[in-house]
Structure formats: C-alpha cells, structure tokens
Amino acid sequence: QQECAACHLAYPPGMLPAPSWQRLMTTLPRHFGADASLDAASVKEIGDWLQAHAAKGGRSQRDGATPPADRITRSAWFVREHREVSAATWARPSVKTPSNCAACHTRADQGDFNEHDIRIPR
C-alpha cells in the first residue's frame, strides 16, 4: 500500500495473474514511463505478497489470460465490465484515464469495486 499507492491506487492483486505481477515487479525502473525502483528487500516482500494473492480463477482477471502489456485496463474482464463507458466519459478532466479507478469507484481505495458504489463524475 505504502509503495504503490504513493503514485496510483494500490490495485488489488486479484486484478492480474501472478505472471503479470512478476513481470511488473521486475520492470519497476521502467514502470509505465516512470522509475518506480525499490530496494531488493521491498521488491521481494511485495512480489511475494502479489504472487500469493494474484488472480487464480473466476471473476476479475482471474480468467487466466494475460492482459496486453500487463495492463489491467486492457484485460478482457476490464473491457467487458466497462463497455458502456463512453470515450467522452474517459476524457473528462475528473476521470482522465481508465486506470483512475477512484474517479468513479468511491471505495476503490479499499479494494471495493461494487457497482452500487459507482458515481460517474461530471
């Protein structure tokens, strides 16, 4: 939480399968255009936790497929769940990008993405 949420929402580990988390943790110096480097002990601790709690099957990313470029927002389940969101909504200054979960999911910071708590900002 401390390391990841310093720059973005600390995404729940079940949003990606273990291989995706492993790749992301080994490429932190080039983390989507930013240097998110951590000391070796932190990389191991966070990586082990992500591996233990990664998507395994069922809903979310847990269909086992690896999203393109290991991006949650390009995974099949994300695209399917957000298919009704218009390009204009994504472009709103209050939203900016599909990876800004907290813009619409009022409890995203708690790992809760229940559709009853969605509020689309203006």
Side-chain angles (χ1 to χ4, degrees):
Q1 180 73 19
Q2 177 182 330
E3 294 297 345
C4 302
C7 297
H8 58 72
L9 175 77
Y11 300 107
M15 288 188 159
L16 288 174
S20 291
W21 287 122
Q22 184 175 11
R23 282 188 294 277
L24 287 169
M25 291 304 294
T26 60
T27 59
L28 289 175
R30 301 172 313 281
H31 188 66
F32 300 105
D35 184 350
S37 297
L38 298 170
D39 62 89
S42 295
V43 169
K44 178 168 179 18
E45 182 179 359
I46 294 167
D48 288 350
W49 183 82
L50 289 169
Q51 293 297 305
H53 297 91
K56 293 180 178 59
R59 201 169 169 231
S60 268
Q61 171 54 39
R62 301 184 282 255
D63 55 21
T66 301
D70 296 320
R71 289 182 182 262
I72 293 167
T73 58
R74 293 187 186 163
S75 64
W77 70 266
F78 184 95
V79 172
R80 184 174 55 250
E81 290 294 321
H82 296 85
R83 65 186 171 271
E84 71 280 359
V85 179
S86 70
T89 299
W90 292 125
R92 291 177 184 171
S94 54
V95 177
K96 296 181 186 159
T97 174
S99 62
N100 183 14
C101 304
C104 302
H105 293 273
T106 60
R107 297 173 46 99
D109 62 334
Q110 298 165 38
D112 183 348
F113 297 88
N114 187 307
E115 63 186 50
H116 292 77
D117 295 318
I118 294 173
R119 301 292 178 265
I120 308 296
R122 298 195 181 271

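Numbers here are sequence positions counted from 1. Just so you know, these numbers come straight off a predicted model, no measurement behind them.
The two residues Trp21 and Pro13 come nearest to each other via the heavy atoms NE1-O, 2.7 Å. Among all heavy-atom pairs drawn from Ala18 and Gln51, the shortest one is O-NE2, 2.9 Å. Residues Ala103 and Ser94 come closest through the heavy atom pair CB-O, 3.4 Å. Minimum interatomic distance between Trp77 and Met15 (heavy atoms only, all atoms of both residues): NE1-O, 3.7 Å. Annotation for Pro121 and Cys104: closest pair CD-SG, 3.6 Å, computed over non-hydrogen atoms.
Between Arg107 and Asn114 there is no side-chain heavy-atom pair separated by less than 4.5 Å. Looking only at side-chain heavy atoms (C-beta outward), Ser99 and Ile72 stay at 4.5 Å or farther from each other.
Taken together through direct or relayed side-chain contacts under 4.5 Å among Ile, Leu, Val, Met, Phe, Trp and Tyr, Val85 and Ile118 form parts of separate hydrophobic clusters.
Going from atom CG of Leu50 over to atom CG of Leu24 covers 8.5 Å, rounded to the nearest 0.5 Å. Within the model, atoms CD of Glu45 and CG of Asp39 stand 9.5 Å from one another, a figure rounded to the nearest 0.5 Å. For the atom pair CZ (Phe78) and OG1 (Thr73), the distance works out to 5.5 Å, reported to the nearest 0.5 Å.
Phe113 and His105 have perpendicular rings, their planes meeting at more than 60° on a 0 to 90° scale where under 30° would count as parallel. The aromatic rings of Trp49 and His53 lie tilted to each other, with the angle between the two planes from 30° to 60°.
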Donor-acceptor pairs are to be reported for all side-chain atoms of residues 31-38 against protein atoms at under 3.5 Å, with residues two or more places apart or in another chain.
| from | atom 1 | to | atom 2 | distance (Å) |
| --- | --- | --- | --- | --- |
| Asp35 | OD1 | Ser37 | N | 2.9 |
| Asp35 | OD1 | Ser37 | OG | 2.4 |

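Enclosure of atom CD in Gln2 is not indicated, since only 12 or fewer non-hydrogen atoms of other residues, nucleotides or ligands lie within 6.0 angstrom.
No donor-acceptor distance shorter than 3.5 angstrom exists from the side chain of Tyr11 to the backbone of Cys101, with no hydrogens or angles considered. Although no hydrogens or angles enter the test, the distance criterion places no donor-acceptor pair under 3.5 Å between the side chain of Thr97 and the main chain of Asn100. Looking only at distances, no side-chain donor or acceptor of Ser20 sits under 3.5 Å from a matching main-chain atom of Asp70.
Contacts classified as salt bridge (Lys or Arg N to Asp or Glu O under 4.0 Å) and involving residues 82-104 (residues at least two apart or in different chains) are not found.
Grouped by direct or indirect side-chain proximity (heavy atoms under 4.5 Å, Ile/Leu/Val/Met/Phe/Trp/Tyr only), Val79 sits alone.
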